[in-house]
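Residue indices begin at 1 and follow the sequence shown.
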Amino acid sequence: MQIAHLGWRFAEPHDECKPIFEAAVRDAPRHVEWEFRAAKNWLILPARLSEQSRRNGDHFSEAQATVTEDQEFCILASKDMDLILRELDAKAPCTSPTNDGPAQ
């Protein structure tokens with residue numbers, strides 16, 4: 001099993017969304033510690049993966065390989081990611097893909 005994490009990039013900045021992601025990462029997980037980072041790429045990742053990446057000179061793929069060796073941790077992180085995604089789904093504003101207004 002791979003280590004759960006999520007990364008994306010907005011075409012235009014959406015700083016108004018940061019509190020939603022910060023709250024989901026802070027409030028939803030129950031098994032491992034998580035981080036939310038907003039830069040060019042926005043990331044939701046286990047703090048352990050972030051720390052390992054820093055120790056590996058910011059070589060993310062090497063950090064992933066190291067953390068993935070702990071399958072119990074990966075399973076717990078996967079359970080937390082499901083909780084984070086549910087939290088985001090419940091709190092994020094819904095928009096229609098055709099008119100950017102509220103979904104009907």
Report yes if the side chains of Trp34 and Arg26 come closer than 4.5 Å at any heavy-atom pair, otherwise no. no

Side-chain ion pair, Lys91 and Glu87, N-O less than 4.0 Å: yes

Going through the distances and angles, do Phe60 and Leu45 end up as a side-chain contact (heavy atoms from CB on, under 4.5 Å)? CA-CA 11 Å; Phe60 191 76; Leu45 69 165; 3.9 Å; yes

Within a radius of less than 6.0 Å around CD of Glu33, do more than 12 heavy atoms belonging to other residues, nucleotides or ligands occur? no

Is the number of heavy atoms from other residues, nucleotides or ligands under 6.0 Å of Arg55 CZ greater than 12? yes

When clusters are formed from ILVMFWY side-chain contacts under 4.5 Å, directly or step by step, what else is grouped with Leu83? none

All heavy atoms of Arg48 vs all of Asp70, minimum pair found to be NH1-OD2, 2.9 Å

Would you say the side chains of Arg37 and Ser50 form a donor-acceptor pair under 3.5 Å? yes

Do Ile75 and His31 touch side chain to side chain, with heavy atoms closer than 4.5 Å? no

Below 3.5 Å, can you tabulate the donor-acceptor pairs from side chains in residues 3-12 to any protein atom, sequence neighbours excluded?
unit_1	atom_1	unit_2	atom_2	d
His5	ND1	Ile3	O	3.1
Arg9	NE	Asn41	OD1	2.7
Arg9	NH2	Asn41	OD1	2.8

State whether the number of non-hydrogen atoms from other residues, nucleotides or ligands found under 6.0 Å of Gln71 atom CD is greater than 12. yes

Closest approach of Thr68 to Met1 (non-hydrogen atoms, all atoms of both residues): CG2-O, 3.2 Å

Flag the pair Lys18 and Asp15 as a salt bridge only when some basic side-chain nitrogen lies within less than 4.0 angstrom of an acidic carboxylate oxygen. yes

Side-chain heavy-atom pair Glu35, Ile44 within 4.5 angstrom cut-off: no

Is a side-chain donor or acceptor of Ser78 paired with a backbone partner of Cys74 at a separation under 3.5 angstrom? no

Side chain to side chain contact (heavy atoms under 4.5 Å, CB included) filter on Glu62, not counting sequence neighbours, yields Asn56, His59

Residue pair Arg86, Asp82: steps toward the salt bridge (charged side-chain N to carboxylate O under 4.0 Å, His left out) verdict: CA-CA 6 Å; Arg86 288 174 190 262; Asp82 185 55; 2.9 Å; yes

Check step by step if side-chain contact (heavy atoms from CB on, under 4.5 Å) holds for Phe36 and Leu43. CA-CA 6 Å; Phe36 166 70; Leu43 299 168; over 6 Å; no

